[in-house]
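No hydrogens, no waters, no symmetry mates; every other heavy atom, side chains included, goes into these values.
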Amino acid sequence: MTESDILSLLRLPAIADAEDSAQALRLQQLLDDKTKPPGSLGRIEQLAQQLGLILASEAPVLQAPQMLVCAADHGLAAQGVSAFPQEVTRQMVENFLAGGAAVSVLARQHGIALTVVDCGVAHDFGGDRPGLRVRKAAPGTADASLGPAMRAAECAQAIAHGMDLVRELPGNALLLGEMGIANTSAATLLTARLTGHEVAACTGSGTGLVGPALAHKLRVLQSVYLRHADARTPLAALAAFGGLEIATLVGVLLQGARERRVLVVDGFITTAAVLVAQALAPAVRGYCVFSHLSGERGHAIALAHLGVRPLLDLGLRLGEGSGAALAWPLLQSASLLLREMASFAGAGVSKRGELAV
């Protein structure tokens, strides 16, 4: 399967560059003129500038934030690369909908609308219902140790579903989450292929594998990686390794950037989707706020490849969008500071150098 096979089935959106040097200078001047020493709010100032650039505003307002948790199953789970059985994907989707998952709690806390997307769970949920969108390109991927995880049509359809989902949702901020037993394996393989690092350097414990179980996972992933040695381009690698939720997130990222939405990236799996989307459209990266550094080994490699620094480093490796939700208040604070903090002139406060000596 080639990249052109998938691209022939898609119409990828054109994406404008968020990085406008003149606007960046104006935003920096506004931040420097706030009632504080220059740069004293550290990386929050950088975040405020990025939000102003993405939303093309000197007074950005974050509106109707949407958490998308994309869920799908992976045929590679049959090879024992996860500590949990495949059935847990379906069970966790129900947990999200019942409000009992970590991301459910955090979304409630911060007033973020939560939508779970069945991108390819090996279960029939009976169609859409409150909080659930069924956008299933296939009932899970094939076993990547035996052949490609996805056919070209399945990969293209999953990406298209992601683009369609964004068009359906309100607001100007998307927080990205995922669920899928064995999806750290797919993310590991994608990260290794798209960054040029060894599979071993990118392989972590996932759902908690240690010792012989982790060694077995590494052997399986190295075998899969070699089996698909010809899948060198981003979409060919995505189809070879999976998964349907990652492909859907690629579509979400592409369309979200097209619509100038703030894209809050969670952890390892969602960053693997960014690797694919950014390789297709480099401007995507400018719309992404990277919430945290995951405890998964491959995440630091992916972030370094993208040349970005996440907001938090808390040792998280849950996924679901939990890190994105935890970082959300920092985005709110950054936008409020840029919009509402007084200038020296407006507050009648003397600037440094204006004081009598």
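- Under the 3.5 Å distance criterion, the side-chain polar atoms of His161 are left unmatched by any main-chain donor or acceptor of Ala247.
- Distance alone, capped at 3.5 Å, is enough to place a donor-acceptor pair between the Asp266 side chain and the Gly323 backbone.
- Taking 4.5 Å as the limit, some side-chain heavy atom of Val61 sits within range of a side-chain heavy atom of Arg339.
- Counting only heavy atoms from C-beta outward, the side chains of Val134 and Leu132 approach each other to under 4.5 Å.
- In the hydrophobic clustering of this structure, Leu62 groups with Tyr287; members are Ile, Leu, Val, Met, Phe, Trp, Tyr whose side-chain heavy atoms approach within less than 4.5 Å, directly or through other members.
- Within a 6.0 Å radius of CZ in Arg167, more than 12 heavy atoms belonging to other residues, nucleotides or ligands are found.
- Annotation: side chain of Val276 is in contact with side chain of Leu235 (closest heavy-atom distance under 4.5 Å).
- At least one side-chain heavy atom of His110 sits under 4.5 Å from a side-chain heavy atom of Pro329.
- Using modelled atom types, one side-chain atom of Gln50 and one backbone atom of Cys288 make a donor-acceptor pair closer than 3.5 Å.
- Linking ILVMFWY residues whenever their side-chain heavy atoms come closer than 4.5 Å, directly or via other members, places Leu330 and Val264 in the same cluster.
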Checklist entry - Does the side-chain contact (heavy atoms from CB on, under 4.5 Å) test come out yes or no for Phe268 and Thr191, once each step is laid out? => result CA-CA 9 Å; Phe268 183 39; Thr191 299; 3.4 Å; yes
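- Atom CG of Leu331 is separated from atom CG of Leu336 by 11.0 Å, given to the nearest 0.5 angstrom.
- Connectivity analysis of hydrophobic side chains (ILVMFWY, heavy atoms under 4.5 Å, direct or indirect) links Leu209 to Leu214.
- Atom CZ of Arg151 sits about 10.0 Å away from atom CD of Gln157, to the nearest 0.5 Å.
- Between Arg260 and Leu55, the closest side-chain pair of non-hydrogen atoms is not below 4.5 Å.
- The backbone N or O of Ser40 lies less than 3.5 Å from a partner atom in the side chain of Glu45, making a donor-acceptor pair.
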Next on the checklist: Test side-chain contact (heavy atoms from CB on, under 4.5 Å) on Phe290 and Leu306; report intermediate values, then the result.
Outcome noted: CA-CA 11 Å; Phe290 294 84; Leu306 292 166; 3.9 Å; yes
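- A heavy-atom distance below 4.5 Å is not found between the side chains of His292 and Leu326.
- Leu312 and Leu47 fall within the same hydrophobic cluster, defined by Ile, Leu, Val, Met, Phe, Trp and Tyr side-chain heavy atoms under 4.5 Å apart, directly or through other members.
- Two different hydrophobic clusters hold Ile301 and Ile269 under the rule that ILVMFWY side chains link at heavy-atom gaps under 4.5 Å.
- Thr184 and Lys217 form a side-chain donor-acceptor contact under 3.5 Å, judged by distance and modelled atom types alone.
- One distance of note links CD1 of Ile159 with CD of Glu154; it measures 12.0 Å at 0.5 Å rounding.
- Gln222 contributes atom CD, which lies 10.0 Å from atom CG of Leu189 (distance to the nearest 0.5 angstrom).
- Put simply, the side chain of Leu338 does not reach to within 4.5 Å of the side chain of Gln49, judged on heavy atoms.
- No salt bridge links Arg90 with Asp73; every basic N to acidic carboxylate O contact stays at or beyond 4.0 Å.
- Arg309 CZ: 12 or fewer foreign heavy atoms inside a 6.0 Å radius.
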Checklist entry - So Glu245 and His74, side-chain hydrogen bond (donor to acceptor under 3.5 Å, both in side chains) or not? Walk me through it. => result CA-CA 10 Å; Glu245 79 277 40; His74 294 251; 2.7 Å; yes
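- In this structure, the side chain of Arg133 does not engage the main chain of Thr115 through any donor-acceptor pair within 3.5 Å.
- A distance-only check finds no donor-acceptor pair linking the side chain of Thr141 to the backbone of Gly243 [under 3.5 Å].
- Judged by distance alone, the side chain of Arg285 and the main-chain N or O of Val274 form no donor-acceptor pair under 3.5 Å.
- Of the possible donor and acceptor atoms, one in the side chain of Arg261 sits under 3.5 Å from a partner among the backbone N and O of Gly171.
- In this structure, Leu169 is a member of the same hydrophobic cluster as Phe96, with clusters built from ILVMFWY side-chain heavy atoms closer than 4.5 Å.
- Between Leu254 atom CG and Leu10 atom CG the span is 9.0 Å, to the nearest 0.5 Å.
- Judged by distance alone, the side chain of Arg297 and the main-chain N or O of Ala200 form a donor-acceptor pair under 3.5 Å.
- Of the possible polar contacts, one joining the Thr89 side chain to the Ile181 backbone as a donor-acceptor pair under 3.5 Å is found.
- Using cut-offs of 30° and 60° for the angle between ring planes, the Phe241 and His228 rings count as perpendicular.
- For the pair Val289/Val262, a side-chain contact is recorded, criterion being any heavy-atom separation below 4.5 Å from C-beta on.
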Checklist entry - Would Leu176 and Leu253 satisfy side-chain contact (heavy atoms from CB on, under 4.5 Å), going step by step from the backbone distance to the final call? => result CA-CA 9 Å; Leu176 310 183; Leu253 286 157; 3.5 Å; yes
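- Scanning all heavy atoms of the two residues, the minimum distance from Lys36 to Leu31 falls at NZ-O, 2.8 Å.
- Taking both residues in full, the closest heavy atoms of Gly206 and Glu296 are given as N-OE2, 2.7 Å, listed atom of the first, atom of the second, then distance.
- Across Met92 and Glu320, no two heavy atoms sit closer than the pair CE-OE2, 3.5 Å.
- Annotation: salt bridge (Lys or Arg N to Asp or Glu O under 4.0 Å) contacts of Glu340 (sequence neighbours excluded): none.
- The two residues Ala302 and Thr271 have their closest heavy-atom pair at CB-CG2, 3.7 Å.
- The two atoms that bring Lys136 and Ala138 nearest to each other are CG-O, 3.1 Å, heavy atoms only.
- Taken from OG in Ser294 to CG in Leu314, the straight-line distance is 11.0 Å, to the nearest 0.5 Å.
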Next on the checklist: If you apply the rule side-chain contact (heavy atoms from CB on, under 4.5 Å), what do you find for Leu275 with His305, and how did you get there?
Outcome noted: CA-CA 9 Å; Leu275 288 175; His305 180 80; 3.7 Å; yes
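- Listed here is the closest heavy atom pair of Leu97 and Pro130: CD2-O, 4.0 Å.
- Checking Gln91 against Asn95 by side-chain atom types alone, no donor-acceptor pair falls below 3.5 Å.
- Within a 6.0 Å radius of CZ in Arg258, other residues, nucleotides and ligands contribute 12 heavy atoms or fewer.
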